[in-house]
**Q** 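Encoded as structure tokens, here's the structure I'll be asking about.
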Amino acid sequence: MHFDDGQIPEEYTRYIGRKIAVILAGVAVLLVLLVVSVSLGSMSIPLLDVVRTLAGRSVSERLDIIILNIRLPQALTAVAAGAGLAVSGAVMQSVLRNPLGSPFTLGLSHAAAFGAALAVMILGAGTMTSSNAGAVHISSPYTTTGIAFFFCLANAGVIIAVSRLRRSTAEVMVLTGVALGALFTAGTMFLQYFADDMQLAAMVFWTFGDTARASWSELGAIAGVTLLLSLFFQYNSWNYNAIDAGDETARGLGVRVDRVRLLGMLATSLLTAVIVAFLGIIGFVGLVCPHMVRRVIGGDMRFLVPASLVTGAVLLLASDTVARLLLAPHVLPVSVLTAFLGAPVFVALIVRGGRR
Amino acid sequence: MILEINNVSFSYGSIGVLRDVRFSVSPGEVLAILGPNGAGKTTLLKCINAMLRPETGSVLVEGHEVLRLAPSDIARKVGYVAQQSEPARLTVFDAVLMGRRPHIRWKVSERDLMVVDAALKRLGLDSLALRYIDQLSGGEFQKVNIARALVQEPSLLLLDEPTSSLDLKNQIEILSLIRRVVCSHRIAAVMTAHDINSALRHAHKILFLKDGMVFAVCGSRDVTAETVEAVYGVRVEIHHVGSIPLVVPLDGQGE
């Protein structure tokens with residue numbers, strides 16, 4: 001065919017440029033927020049000292065310890081986990097063609113929590129080392145992650161099976177997720193009933209999603225998986241766009257729809273499992289972020305993926321910072337705050353008819 | 001020949017849908033597949049771009065056996081406009097750019113942008129380029145779907161009931177657009193249709209499908225009342241308005 005009379009459309013190029021500018025602005029906000037977050041806490045650190053320490057110019061040994069060993073890992077964990085959860089939600093909403101898709105609403109988080117509780121109970125993978133909320137110690141985190149991942153996968157498998165039945169609507173799929181979530185919650189309760197004091201405490205504290213739990217090595221795992229899978233999602237962004245236009249249209253464009261959907265669900269399950277297994281359940285970030293982003297820059301997955309990463313990171317880091325300060329000297333787990341924040345938005349989505 | 005179909009048979013489980021279908025389409029031709037509900041029209045269309053895999057037979061597009069090509073290779077030869085497409089929150093330009101997906105890997109090239117720009121201009125969509133497609137009218141949205149299939153730069157265009165949800169003005173506009181594009185680019189189009197009169201008016205050739213078999217293939221000017229009666233089981237007369245044949249059912253009047 002001869003379409004050689006076209007020109008580079010300037011208006012469109014500018015439109016794309018604006019989207020990139022929005023994402024870069026988000027990155028800038030994130031960097032500023034990171035410094036602010038590290039400076040705030042039970043002991044306030046001047047911003048300049050934070051910047052100096054982060055730049056590798058030590059101000060004092062005490063600040064080095066506070067910043068590099070305590071506050072920075074926690075802040076970066078919030079960044080990586082928020083990014084991972086948000087991008088998982090964006091991809092799930094796309095491959096399931098369902099605006100209510102997210103690790104939390106589809107029961108994946110609960111499945112992972114059940115898996116982790118099972119690991120704690122049966123395999124003795126976790127014990128409570130002290131009576132403080134942040135002191136739960138998962139003695140073999142990779143076993144826990146593995147088992148949490150397995151249950152995430154089982155959950156995803158059931159949802160895929162249901163979504164492939166004919167006439168399955170958005171409501172049916174979300175309800176399946178809710179049902180599975182309830183099932184796994186019941187399973188977790190069952191385990192808790194038979195657990196001894198130490199195990200019970202470990203399980204309960206474990207489910208409070210908390211970014212204080214991660215050390216550098218766990219942060220590395222979360223960040224690594226988030227980064228790798230985000231590249232995978234970015235690579236697939238045209239496929240996701242095509243699936244958004246309908247399965248048949250996507251097939252007509254040469255997209256192997258079933259494979260893309262299956263791999264997308266597998267990848268988002270893995271990402272969720274890693275985050276949940278290390279940090280516990282952090283709800284609503286994955287659901288809410290992609291919707292906020294879609295409002296601003298539209299549903300094009302080429303930009304929705306990076307923008308969700310940035311927005312999720314900003315949102316969870318901000319929530320985490322607020323959660324640390326809100327009831328100081330008590331430190332609130334961030335999951336409590338995200339639920340308070342996310343629930344009204346979730347209701348708003350239902351009221352608006354769940355339309356994208 | 002752009003499309004040659006030989007001995008194609010297909011069944012869903014034990015239920016046979018298509019049997020020994022054969023026909024061909026030349027460059028510059030629009031062929032309409034007509035037949036009663038359940039005759040296998042959409043199934044036949046999906047067999048052509050291997051969305052469904054026929055059990056027997058061959059589907060040749062420009063001499064290449066489609067069933068042996070990878071999906072993205074097929075998508076570079078065959079454009080498909082599905083009966084239903086979802087209006088996502090994409091701009092018109094991005095929605096059409098998606099048609100370049102079989103040609104894109106990581107990065108959209110300048111040529112991709114130019115092809116989309118040219119296609120939008122040709123279909124009169126250029127003023128809507130940055131509008132979200134969930135804000136378009138039905139006719140505009142269908143044009144976007146056709147533009148998307150065109151920028152795949154296919155030699156064959158498949159359309160599943162392209163005008164089923166459109167009003168009269170949009171029906172005429174879309175079908176004459178398809179005919180114009182097919183003629184000017186020397187590609188071919190195969191579409192399924194319900195409205196026999198609009199098919200006779202806009203297609204060059206008609207294929208009548210009955211019970212999964214080709215009942216007749218003929219020029220749209222050569223369709224006879226006997227053929228229509230045998231396929232649909234309805235008594236009809238064919239009148240000519242100018243050179244355009246018009247099928248008028250005789251049953252069910254004035255009761």
Side-chain angles (χ1 to χ4, degrees), chain A residues 1-16 18-19 90 93-94 97-99 170 231-232 234-260 290-291 293-304 355-356, chain B residues 46 49 51 70-76 78-91 93-95 97-102 104-106 108 110-111 113-122 126 129-130 132-134 145 148-155 158 160 181 185-187:
Chain A
M1 283 178 92
H2 34 86
F3 276 129
D4 296 330
D5 50 337
Q7 293 154 359
I8 304 271
E10 271 178 44
E11 219 185 328
Y12 177 74
T13 323
R14 275 202 300 276
Y15 165 76
I16 292 297
R18 277 203 299 278
K19 286 192 185 187
Q93 285 164 16
S94 176
R97 303 182 9 75
N98 181 335
L231 286 175
F232 171 77
Q234 189 69 42
Y235 179 74
N236 273 294
S237 53
W238 277 114
N239 292 339
Y240 300 145
N241 278 343
I243 289 177
D244 274 338
D247 284 9
E248 293 207 341
T249 302
R251 287 203 178 89
L253 292 169
V255 177
R256 296 175 204 258
V257 173
D258 292 339
R259 186 150 84 175
V260 169
H291 285 283
V293 175
R294 213 176 267 122
R295 287 276 147 76
V296 179
I297 64 162
D300 185 345
M301 288 295 282
R302 285 182 295 161
F303 301 100
L304 194 60
R355 268 210 68 214
R356 274 195 268 188
Chain B
K46 287 182 182 172
N49 69 346
M51 273 163 76
S72 50
D73 292 331
I74 297 174
R76 271 183 236 125
V78 184
Y80 181 80
V81 178
Q83 192 171 0
Q84 276 191 332
S85 189
E86 301 286 328
R89 195 145 187 87
L90 283 181
T91 61
F93 196 99
D94 286 320
L97 184 60
M98 197 196 296
R100 298 297 295 170
R101 188 240 163 233
I104 300 174
R105 239 29 204 132
W106 275 95
V108 174
E110 289 193 346
R111 181 170 142 68
L113 296 177
M114 281 153 70
V115 167
V116 171
D117 183 62
L120 290 181
K121 282 181 182 144
R122 196 139 323 162
D126 44 335
L130 294 185
Y132 281 124
I133 52 174
D134 55 5
N145 290 323
R148 176 192 300 139
L150 287 178
V151 300
Q152 288 173 250
E153 298 186 279
S155 43
L158 304 177
D160 196 358
V181 169
H185 290 264
R186 303 299 293 166
I187 63 175

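Every chain is numbered from 1 and lettered A, B, ... according to where its sequence line falls, protein lines coming before strand lines. Both backbone and side-chain heavy atoms feed into the values below; hydrogens, waters and symmetry mates do not.
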**Q** Could you give the distance from CZ (Arg89(B)) to CZ (Arg294(A)), rounded to the nearest 0.5 Å?
**A**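 Here the interatomic distance stands at 10.0 Å.
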
**Q** If you look at every heavy atom in Gly298(A) and Tyr132(B), which pair is closest and at what distance?
**A** CA-OH, 3.4 Å

**Q** Please report the shortest heavy-atom distance between Gln152(B) and Gly252(A), naming the atom on each side.
**A** NE2-O, 3.3 Å

**Q** Among residues at least two apart in sequence or on other chains, which ones pass side chain to side chain contact (heavy atoms under 4.5 Å, CB included) with Gln7(A)?
**A** Asp117(B), Lys121(B)

**Q** For Ile74(B), is it the side chain, the backbone, both or neither that has a heavy atom under 4.5 Å from a heavy atom of chain A?
**A**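 Ile74(B) has no heavy atom closer than 4.5 Å to chain A.
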
**Q** Heavy-atom cut-off 4.5 Å, strictly under: side chain, backbone, both or neither for Ile243(A) against chain B?
**A**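 Neither the backbone nor the side chain of Ile243(A) comes within 4.5 Å of chain B.
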
**Q** May I ask you to test the Asp94(B)-Tyr15(A) pair for a side-chain heavy-atom distance under 4.5 Å?
**A** yes

**Q** Go through the atoms of Met98(B) and report whether side chain, backbone, both or neither lie under 4.5 Å from a heavy atom of chain A.
**A** both

**Q** Apply side chain to side chain contact (heavy atoms under 4.5 Å, CB included) to Ala82(B) and list each qualifying residue two or more places apart in sequence or on a separate chain.
**A**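 Partners of Ala82(B) under the side chain to side chain contact (heavy atoms under 4.5 Å, CB included) test: Glu248(A), Thr249(A), Tyr80(B).
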
**Q** Between Thr91(B), Leu158(B), Val81(B), who has the most heavy-atom pairs with chain A when the cutoff is under 4.5 Å?
**A**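 Counting heavy-atom pairs under 4.5 Å, the top option is Thr91(B).
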
**Q** So what's closer than 4.5 Å to chain A heavy atoms on Val116(B): side chain, backbone, both or neither?
**A** neither

**Q** Can you say whether Tyr235(A) sits under 4.5 Å from chain B via the side chain, the backbone, both, or neither, judging by heavy atoms?
**A**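 Backbone plus side chain of Tyr235(A), per the 4.5 Å heavy-atom cut-off to chain B.
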
**Q** Please state whether the side chain, the backbone, both or neither of Glu110(B) comes within less than 4.5 Å of a heavy atom of chain A.
**A** both

**Q** Quick one: does any side-chain atom of Ser85(B) pair with a main-chain N or O of Ala245(A) as donor and acceptor, under 3.5 Å?
**A**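 Answer holds: yes.
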
**Q** Hey, what do you get for CZ (Phe93(B)) to CG (Asp300(A)), rounding to the nearest 0.5 Å?
**A**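 Rounded to the nearest 0.5 Å, the CZ-CG separation comes to 11.5 Å.
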
**Q** Keeping Arg101(B) on the side-chain end and Leu253(A) on the backbone end, is there a donor-acceptor pair under 3.5 Å?
**A**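 Yes, because the side chain of Arg101(B) sits within donor-acceptor range (under 3.5 Å) of the backbone of Leu253(A).
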
**Q** Do Trp238(A) and Val108(B) touch side chain to side chain, with heavy atoms closer than 4.5 Å?
**A** yes

**Q** Counting only heavy atoms closer than 4.5 Å, note whether Ala119(B) contacts chain A via side chain, backbone, both or neither.
**A** both

**Q** Do Leu97(B) and Tyr12(A) have side chains that approach each other closer than 4.5 Å (heavy atoms only, starting at C-beta)?
**A**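 When only atoms from C-beta onward are counted, Tyr12(A) and Leu97(B) do touch, with a gap below 4.5 Å.
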
**Q** Measuring from Glu10(A):CD to Leu113(B):CG, what's the distance to the nearest 0.5 Å?
**A**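 Between Glu10(A) CD and Leu113(B) CG, I get 12.0 Å after rounding to 0.5 Å.
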
**Q** Side chain of Glu86(B), backbone of Arg97(A): donor and acceptor closer than 3.5 Å?
**A**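 No, the answer is negative, given that no donor and acceptor are paired below the 3.5 Å cut-off.
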
**Q** Over all heavy atoms of both residues, which pair between Ala75(B) and Gly254(A) is shortest? Give the atoms and the distance, please.
**A**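 Shortest heavy-atom separation between Ala75(B) and Gly254(A) comes out as CB-N, 3.6 Å.
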
